[in-house]
Amino acid sequence: MTKAAVCREIGQPLEVVDVEVDAPHAGEVKIRLAASGVCHSDLSVQNGTLLQPIPAVLGHEGAGIIEEVGEGVTDLKVGDHVVISWVPQDGTCFYCTHDQPELCESGLLAMMTGGLIDGTSRFTENGVPVLQMASTGTFSEVTVVPAISAIKIRDDMPLPQAALIGCGVLTGFGAAANTADIKPGDTVAVVGCGGVGLNVIQGAKHMKAATIIAVDKMDHKLEMAKQFGATHTVNAGDGDPVAKVLELTEGRGADHTFEVIGYTATIEQAYNMARRGGETIIVGVPDMEANFPTNGFGIVFGEKTIKGSWYGSSDVHRDIPRYVELYQKGELLLDELISRKIDLTGVNEAFAAMGSGEVARSVITY
Ligand code: APR
Ligand code: ZN
């Protein structure tokens, strides 16, 4: 038996209940979680914005210690410290062999079924299967994931900080470092400075962008943005943020703009903040029904690029150990992202705090 936070019904609070966890099947590992971040995508599942078959254990940003390995797992052993990836990257499918492992076909299959790669889950409650968000399910003391989703890290890396790498850092930092084409000296605008947006900002700084304009509607998020590398801030509630960004870029617009909320209105703003020849990277996950209008002539005449960024275009086996190194060199801020540490029963309050924009990240520690 283990405690887990289950989403049973859209729009209802998660229920912390006892579930059974099966032994790992072949090619899987059982992990005792040390920590799980609470990400906006968890809230998006709970409120129905993001499709995930339910009932399911939510949570997809975790780190912990391997407790058991399934048959055929040779590169991980009991006691290894790992960060969990919410996209299993099998290394063999079309996308993995074409340098786009974030789009891995095994990962897509798992995502669609709500289970692990074979479509089944390792959680049951009173004999009834409970699915696992994004083939992970980190709102649980123990989970089972595909071995390819458990990325070994150094033992001296603190696990609550490591957990944040699993989604916020890979998604945000990766959008700047992998998806976008930022060159030293470039100008960047980032709309939305939550847990993911702050990582876009530190990724842009890492890529040596000279000007980083942070846009948010909360002043304390803009203060945090400065700490993460923003050189200018724009409060979106204080006049037209597009006009402000144009003003800060000699009327041209930024070379690279990022939307990190998932609203059509802010996607349009980010698009309009990009200069002619510039690119707009959409990181925030919009509602599945959402379409946003763009002017067809403008996109050609302006030679503009709109690019989606899924999981920060990350190769998790390459990038996770790299982020651990950056943290240990002091070049990746993680401690500063943790607004509060909570226990599993605090997960619904963490959703409320996120909805009101109070926190960068609440982190559940087990
Ligand atoms: N204009 C500017 N900023 C806004 C606006 C707006 N209209 N509305 C919300 N914000 C800001 C909030 O103040 C907050 O700082 O956007 C930020 C969103 O941050 P979080 O709620 O912490 O969300 P986060 O976890 O960063 O995820 C953002 O990225 O990966 C995706 O699914 C994730 O779609 C979500 C997005
Ligand atoms: Zn996430």
Side-chain angles (χ1 to χ4, degrees), residues 1-39 41-46 48 50-71 73 76 78 82-88 106-150 159 163 166-167 342-348 350-351 363-366:
M1 282 289 195
T2 179
K3 291 251 179 277
V6 175
C7 177
R8 256 192 245 287
E9 212 182 314
I10 299 304
Q12 293 304 312
L14 303 191
E15 285 178 40
V16 178
V17 294
D18 287 321
V19 295
E20 303 274 4
V21 190
D22 282 358
H25 291 188
E28 297 173 355
V29 292
K30 182 180 267 188
I31 297 167
R32 181 154 295 273
L33 283 147
S36 172
V38 181
C39 171
S41 300
D42 301 304
L43 176 59
S44 299
V45 168
Q46 184 264 354
L50 199 62
L51 197 66
Q52 152 74 43
I54 52 172
V57 175
L58 302 193
H60 59 281
E61 186 180 78
I65 299 176
I66 304 260
E67 197 168 80
E68 196 180 338
V69 300
E71 206 188 301
V73 176
L76 291 168
V78 173
V82 295
V83 169
I84 296 177
S85 161
W86 57 254
V87 175
S106 294
L108 181 65
L109 203 67
M111 182 86 50
M112 287 187 327
T113 59
L116 302 186
I117 293 172
D118 70 358
T120 64
S121 155
R122 301 294 158 263
F123 291 119
T124 49
E125 190 189 2
N126 303 320
V128 180
V130 178
L131 294 166
Q132 305 183 227
M133 177 174 178
S135 64
T136 54
T138 59
F139 291 169
S140 174
E141 294 164 332
V142 174
T143 190
V144 173
V145 302
I148 50 173
S149 304
L159 290 166
C167 182
I342 58 171
D343 65 22
L344 187 59
T345 54
V347 66
N348 291 301
F351 278 172
V363 175
I364 298 166
T365 52
Y366 297 97

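Every value quoted in this text rests on a predicted model; they were computed, and no experiment measured them. FYI, the numbering just counts along the sequence from 1.
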- Below 4.5 Å, heavy atoms only, C-beta onward: do S41 and E61 meet side chain to side chain? no
Contacts of A350 meeting side-chain contact (heavy atoms from CB on, under 4.5 Å) (sequence neighbours excluded), chain-then-number -> V38, I342, S362
Applying side-chain contact (heavy atoms from CB on, under 4.5 Å) to L43 and not counting sequence neighbours gives H40, Q46, N47, F351, M354
Is the shortest side-chain heavy-atom distance between W86 and M111 below 4.5 Å? yes
Heavy atoms of V347 and A5 approach each other most closely as CG1-CB, 4.1 Å
Contacts satisfying salt bridge (Lys or Arg N to Asp or Glu O under 4.0 Å) that involve residues 121-130 (not counting sequence neighbours) are R8-E125, E28-R122, D118-R122
Rounding to 0.5 Å, atoms OG1 (T365) and CG (L344) come to a distance of 10.0 Å
Between the OG atom in S44 and the CG atom in L58, the distance rounded to the nearest 0.5 Å is 10.5 Å
SG of C7 to CD of E15, rounded to nearest 0.5 Å, is 9.5 Å
Exercise. Mind checking whether T143 and F123 have side chains closer than 4.5 Å, heavy atoms only?
Worked result: yes
Between A35 and Y366, the two heavy atoms sitting closest are N-CD1, 3.8 Å
Separation between OG1 (T124) and CD (E20), nearest 0.5 Å, reads 5.5 Å
All heavy atoms of G70 vs all of P24, minimum pair found to be N-CG, 3.8 Å
Worksheet item: Can you find a heavy atom in the side chain of V144 that is under 4.5 Å from one in the side chain of K30?
Response: yes
Contacts of S85 meeting side chain to side chain donor-acceptor pair (under 3.5 Å) (sequence neighbours excluded), chain-then-number -> none
Applying side-chain contact (heavy atoms from CB on, under 4.5 Å) to D343 and not counting sequence neighbours gives T345
Output for pair (S135 OG, L116 CG), nearest 0.5 Å, gives 6.5 Å
Heavy atoms of L131 and P53 approach each other most closely as CD1-CB, 3.5 Å
Residues passing the side chain to side chain donor-acceptor pair (under 3.5 Å) test with S121, sequence neighbours excluded, are none
By side chain to side chain donor-acceptor pair (under 3.5 Å), N126 pairs with (sequence neighbours left out) none
Has T138 got a side-chain atom pairing as donor or acceptor with G37's backbone, closer than 3.5 angstrom? no
Residue set satisfying side-chain contact (heavy atoms from CB on, under 4.5 Å) with V69, at least two apart, ordered chain then number -> V29, I66, V73
By salt bridge (charged side-chain N to carboxylate O under 4.0 Å, His left out), E9 pairs with (sequence neighbours left out) none
Scanning both residues in full, the closest heavy-atom pair of L33 with G137 reads CD1-O, 4.3 Å
Sequence neighbours excluded, the answer for side chain to side chain donor-acceptor pair (under 3.5 Å) partners of E141 is T2
inquiry  = Is there a side-chain contact between V130 and V17 in this structure, where contact means two heavy atoms from C-beta onward sitting under 4.5 Å apart?
reply    = no
Smallest heavy-atom separation, A56 atom then M133 atom, equals CB-N, 4.4 Å
